[in-house]
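For reference, the structure discussed in these notes is given below.
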Amino acid sequence: MYRRPSPDKLPAGARPDFFYKDVHMAAPAQIIAALLQPVFAELAEGADPMLRPSSRSGFDFQVNGSIALAKKLGRRPDEVATLVSSGVALKEVCESIEVTPQGFVNLRLDDAFLAACVSELAGDSRLGVEIAATPLTVVVDYSAPNVAKEMHAGHLRTTVIGDSLCRLLEHFGHRVIRENHVGDWGTQFGMLIEYLLDVGETEGAHELSVGDLDGFYRQARAAFDASPEVQERARRRVVALQSGDAETLRLWGVLVEESVGYFEEVYAKLGIGLTRDDIVGESFYNPMLGDVVAELDAKGLLVESDGAKCVFVDGWTTREGDPLPLIVQKSDGGYGYATTDLATLWDRFGRIGADLAVYVVGAPQAQHLAMCFAVAAKAGWLPSPEQAVHVAFGSVLGADRKMFKSRAGATFKLVDLLDEAVQRAGEAVSARSLELNDSERASVARMVGIGAVKYADLSTDRLRDYVFDLDRMVSFDGNTGPYLQYARVRCLSIFRKAGLDPADYLGGGVPIQVGHPAERDLAVALTGFPAAASAALESWSPHKLCAYIYELAGFYTTFFENCPVLKAPNEESKNSRLALCALSATVIGQGLSLLGIESPERM
RNA sequence: GCCCUCGUAGCUCAGGGGAUAGAGCACCGGCCUCCGGAGCCGGUGGCGGAGGUUCGAAUCCUCCCGGGGGCACCA
């Protein structure tokens with residue numbers, strides 16, 4: 001076994017954020033970086049080896065930092081490159097070390113060392129991902145549909161991204177508190193309750209329970225807009241709701257209950273772990289709003305402006321160039337969503353004692369949230385600014401690159417999109433998988449269809465707007481969910497054909513060989529899993545994990561094409577290749593799982 | 001008007017200080033009696049523009065152009 005640097009030798013301060021670098025020592029890149037780091041640090045304060053994967057054929061990694069270091073020292077780059085690469089035990093883990101005239105150091109891993117790393121990975125059920133040294137309590141705010149309003153494609157993004165981030169956080173050992181900030185309070189409930197009464201409680205509840213939320217809302221809105229009398233009733237109803245009138249609260253509860261039941265159906269369809277226990281809606285914070293405002297007042301932060309109670313924060317202006325306030329209490333005495341969002345910070349840091357509060361909310365809310373964070377910081381509720389995170393995401397667009405809507409201008413219901421994806425996946429699966437029975441086929445279709453939609457959403461940089469294209473999502477070619485699920489199935493099918501159990505090859509007891517270039521590339525790729533998962537979490541970007549899995553699947557395909565497994569030249573090679581297949585399936589499956597995507601065993 | 005964000009191949013997207021900018025789809029040309037052909041190999045084709053910083057810029061800075069969003073009592 002190779003002697004490894006102890007974890008406390010890892011570069012301190014490499015991660016100034018809250019996720020201390022917990023990368024397993026089975027990762028060759030981390031081992032080499034740890035070997036080089038002290039050498040660089042000795043030559044110049046804070047010098048970084050800048051170890052990166054190499055795209056040059058025959059090499060696995062390259063050291064870029066030697067050039068910058070040479071500049072700093074005023075010496076020739078190739079000289080410094082030679083210096084940093086000769087003094088350390090790189091030879092122990094690299095079979096080839098090349099210094100280029102420009103000052104790069106190219107490294108090729110020693111086969112035995114690489115094989116040892118992969119064996120260790122195969123023997124580790126966590127695949128090299130270590131539990132965080134300091135587990136954090138993280139509140140993740142995501143999904144947040146509105147009562148009596150349909151869930152559409154926009155909710156898909158926050159829900160799917162938030163779910164994946166929760167899974168990643170938990171996998172790294174952090175304590176995650178999911179908060180589904182449902183829109184279940186506010187002035188619109190006067191209108192909704194009055195409509196519920198007009199249409200009849202039973203009928204209204206029925207409409208909601210069968211999922212016709214948009215129909216309910218639209219008609220309520222239409223009735224409200226059309227009649228001053230309804231508007232007056234709605235206004236009085238809001239007052240009754242705010243003052244805790246029992247009957248009004250009961251009616252409100254009917255709306256909430258029917259909607260929540262519907263949300264649960266959608267989450268079940270999506271395979272999202274959110275339950276009604278995770279709902280911490282706007283109504284939950286309502287009782288706190290007075291205290292929030294009072295505390296801001298006590299701290300001298302409140303300014304009255306045009307009758308509204310405001311907090312002014314430097315850096316924002318109105319259209320006219322005047323200072324822009326965060327309005328915490330409207331001139332009519334009511335509270336807006338700014339106050340509620342302040343209350344979430346107040347509660348999450350004050351009562352829950354969160355280390356991090358994550359808001360998976362669309363990019364248009366950036367300014368609003370930044371202002372809320374700034375006010376919370378001013379009020380002393382936010383221990384430090386970087387502990388509140390806005391994980392923003394772009395809009396969902398249609399094929400025409402406009403906001404994703406039907407020709408008639410209506411938004412698509414999320415459930416309809418999901419159903420169509422499952423149906424198309426079912427057609428694709430039926431066309432090929434003759435050995436599946438009906439119930440297996442339905443189950444696979446669900447995993448593939450839902451996985452396709454989720455993967456499409458997760459696989460692009462979340463800040464960009466993305467084009468919702470069902471055809472591309474459910475395609476088995478390209479960077480798609482179905483392709484990756486299929487890649488994993490192909491890994492596993494070898495075992496089924498041979499009557500073997502992949503688990504027998506995962507204990508780490510099967511010696512790995514990396515003789516063929518395709519075996520090597522696959523092996524190196526496999527060891528990159530912990531770093532990929534870590535990178536995805538660090539930047540709140542699941543797409544980095546997607547990119548890794550897709551790349552890994554590519555290496556597996558090349559391996560599969562070039563290296564016969566069951567017909568390997570000898571028994572040792574066959575077992576090694578079976579182990580690589582089993583490990584590939586496991587890494588792909590684990591990766592998809594962290595994205596919230598299920599993996600069928602057959603398809 | 002100010003602020004944020006995005007602009008990479010015909011299309012959908014990676015790459016966010018390192019060497020010759022990568023995939024998939026589409027298109028063109030080849031290959032394969034072989035563990036799952038939902039295959040393999042090759043080709044055409046690109047960083048919106050102009051400056052600047054740097055040994056090195058798609059990446060960082062400034063300006064311009066273009067798309068999207070936000071800019072006090074709706075959430």
Protein-nucleotide distance ([X], atom [atom1]; [N], atom [atom2]), rounded to Å:
X      : N      : atom1 : atom2 : result
A/D465 : B/rU12 : CG    : C1'   : 14 Å
A/D461 : B/rA58 : CG    : P     : 20 Å
A/L326 : B/rC71 : CG    : C1'   : 13 Å
A/F61  : B/rA19 : CZ    : P     : 17 Å
A/L545 : B/rG15 : CG    : P     : 13 Å
A/Y455 : B/rU12 : OH    : C1'   : 13 Å
A/Q367 : B/rG69 : CD    : P     : 15 Å

(request) For residues A/V303 and A/P325, determine if any side-chain heavy atom of one lies less than 4.5 Å from a side-chain heavy atom of the other. (result)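 The answer is no, as the side chains (C-beta and beyond) never meet within the 4.5 Å cut-off.
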(request) Indicate yes or no: at least one non-hydrogen side-chain atom of A/H390 is less than 4.5 angstrom from one of A/V361. (result)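 Result yes, sub-4.5 Å side-chain heavy-atom pair found.
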Regarding [X], tell me which of base, sugar-phosphate or nothing describes its non-hydrogen contacts under 4.0 Å with the strands shown.
X      : answer
A/Q188 : nothing
A/T100 : base
A/M50  : base
A/N146 : nothing
A/A366 : nothing
A/Y466 : sugar-phosphate
A/S331 : base
A/N106 : base
A/E320 : nothing
A/P364 : sugar-phosphate

(request) Examine A/R237 relative to A/F189 and say whether NZ or CZ is less than 6.0 Å from the centre of the six-membered ring and inside a 45° cone about the ring axis. (result)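 No - A/R237 does not lie over the ring of A/F189 by the 6.0 Å and 45° rule.
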Are [X] and [Y] ion-paired here, with the side-chain N under 4.0 Å from a carboxylate O?
X      : Y      : answer
A/R488 : A/E601 : yes
A/D457 : A/R157 : yes
A/R424 : A/E427 : no

Residue-level proximity of [range] to RNA chain B when a heavy atom falls under 4.0 Å:
range                       : value
residues 565-582 of chain A : A/V565, A/L566, A/K567
residues 67-75 of chain A   : A/I67, A/A68, A/K71
residues 552-559 of chain A : A/T557
residues 488-501 of chain A : A/V489, A/R490, A/S493, A/R496, A/K497

(request) Name all residues meeting the salt bridge (charged side-chain N to carboxylate O under 4.0 Å, His left out) criterion together with A/D141; count only those two or more places apart in sequence or in a different chain, and write none if there are none. (result)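 Residues passing salt bridge (charged side-chain N to carboxylate O under 4.0 Å, His left out) with A/D141: A/R348.
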(request) Just jot down the salt bridge (charged side-chain N to carboxylate O under 4.0 Å, His left out) partners of A/E561, sequence neighbours excluded, or say none. (result)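 Scan of A/E561 (salt bridge (charged side-chain N to carboxylate O under 4.0 Å, His left out), adjacent residues dropped) gives none.
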[N] to [M] separation - [atom1] atoms, rounded to the nearest Å:
N      : M      : atom1 : value
B/rA21 : B/rA75 : C1'   : 43 Å
B/rC35 : B/rG18 : P     : 42 Å
B/rC63 : B/rG45 : C1'   : 31 Å

Under 6.0 Å between ring centres, would you say that holds for [X] and [Y]?
X      : Y      : value
A/Y195 : A/F216 : yes
A/H181 : A/Y142 : no
A/Y483 : A/Y486 : no

(message) Could you tell me if A/D184 and A/S283 have a donor-acceptor pair between their side chains, going purely by distance under 3.5 Å?
(response)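 Distance-only check passes for A/S283 and A/D184.
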(message) Between A/N146 and A/Y217, is there a side-chain donor-acceptor contact under 3.5 Å, judged purely by atom types and distance?
(response)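 No, no side-chain donor-acceptor contact under 3.5 Å.
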(message) My understanding is that only one of A/F373, A/Y337, A/W316, A/Y359 makes a ring-ring contact (aromatic ring centres under 6.0 Å, His included) with A/H368; could you say which?
(response)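 Per the ring-ring contact (aromatic ring centres under 6.0 Å, His included) rule, the option paired with A/H368 is A/Y337, out of A/F373, A/Y337, A/W316, A/Y359.
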(message) Both A/P323 and A/V63 contact RNA chain B. Taking the nearest nucleotide for each, which residue is further toward the 5' end?
(response)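 Between the two, 5'-proximity favours A/V63.
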(request) Map A/D332 and A/Y483 onto RNA chain B by nearest heavy atom, then report which one ends up closer to the 5' terminus. (result)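 Looking at the nearest nucleotide for each, A/Y483 comes out on the 5' side.
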(message) Distance criterion of 3.5 Å, no angle test: do you see the side chain of A/E551 paired donor-to-acceptor with the base of B/rA14?
(response)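 Answer is no: no donor-acceptor pair is held.
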(message) Counting distance alone, no hydrogens or angles: does the base of B/rA72 have a donor or acceptor under 3.5 Å from a partner atom on the side chain of A/S305?
(response)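 By the distance-only test, yes, there is a pair.
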(request) Please identify each residue that fulfils ring-ring contact (aromatic ring centres under 6.0 Å, His included) with A/Y466, with sequence neighbours left out. (result)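 Partners of A/Y466 by the ring-ring contact (aromatic ring centres under 6.0 Å, His included) criterion come out as none, since no residue qualifies.
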(request) Return the set of residues passing ring-ring contact (aromatic ring centres under 6.0 Å, His included) with A/F263 (not counting sequence neighbours), or none when no residue passes. (result)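 Applying ring-ring contact (aromatic ring centres under 6.0 Å, His included) to A/F263 gives none.
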(request) Apply side-chain contact (heavy atoms from CB on, under 4.5 Å) to the pair A/L73 and A/L43, showing each step before the final yes or no. (result) CA-CA 8 Å; A/L73 298 176; A/L43 288 167; 4.3 Å; yes
(message) Can you build the contact string for nucleotides 21-29 of chain B? Use B for base contact, S for sugar-phosphate-only contact, and - for no protein heavy atom under 4.0 Å.
(response) --SSS----
(message) Applying side-chain hydrogen bond (donor to acceptor under 3.5 Å, both in side chains), can you list everything that pairs with A/S143, at least two apart in sequence or on another chain?
(response)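 Counting only residues at least two positions away or on another chain, A/S143 forms a side-chain hydrogen bond (donor to acceptor under 3.5 Å, both in side chains) with A/T159, A/Y267.
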(message) Counting Watson-Crick and G-U wobble pairs with both distances under 3.5 Å, what is the dot-bracket string for RNA chain B, 5' to 3', using [ ] for crossing pairs and | for pairs to another strand?
(response) (((((((..((((....[...)))).(((((.......)))))....(((((..]....))))))))))))....
(request) Please check the phosphate of B/rA14 (OP1 and OP2 only) for any side-chain N or O of A/R464 closer than 4.0 Å. (result)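 So the side-chain polar atoms of A/R464 do come within 4.0 Å of the phosphate oxygens OP1 or OP2 of B/rA14, strictly under.
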(request) Kindly say if A/H368 contacts the phosphate of B/rA72, meaning a side-chain N or O under 4.0 Å from OP1 or OP2. (result)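 Answer is no, no contact under 4.0 Å.
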Please tabulate, for the side chains in residues 569-578 of chain A, all donor-acceptor contacts under 3.5 angstrom to protein atoms that are two or more places apart in sequence or on a different chain.
residue: A/N570; atom: OD1; partner: A/E572; partner atom: N; Å: 3.1
residue: A/N570; atom: OD1; partner: A/S573; partner atom: N; Å: 2.7
residue: A/S573; atom: OG; partner: A/R577; partner atom: NE; Å: 3.4
residue: A/N575; atom: ND2; partner: A/E571; partner atom: O; Å: 3.3
residue: A/S576; atom: OG; partner: A/Q513; partner atom: N; Å: 2.7
residue: A/S576; atom: OG; partner: A/Q513; partner atom: O; Å: 3.4
residue: A/R577; atom: NE; partner: A/E519; partner atom: OE2; Å: 2.9
residue: A/R577; atom: NH1; partner: A/P564; partner atom: O; Å: 2.8

(message) Using the side-chain heavy atoms of A/L324, tell me which of these nucleotides is nearest: B/rA72, B/rU5, B/rG18.
(response)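 That would be B/rA72.
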(request) Could you say whether the aromatic ring of A/F104 and the base of B/rG18 stack, counting only centre distances under 5.5 Å and plane angles under 30°? (result)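 Not stacked by the 5.5 Å and 30° rule.
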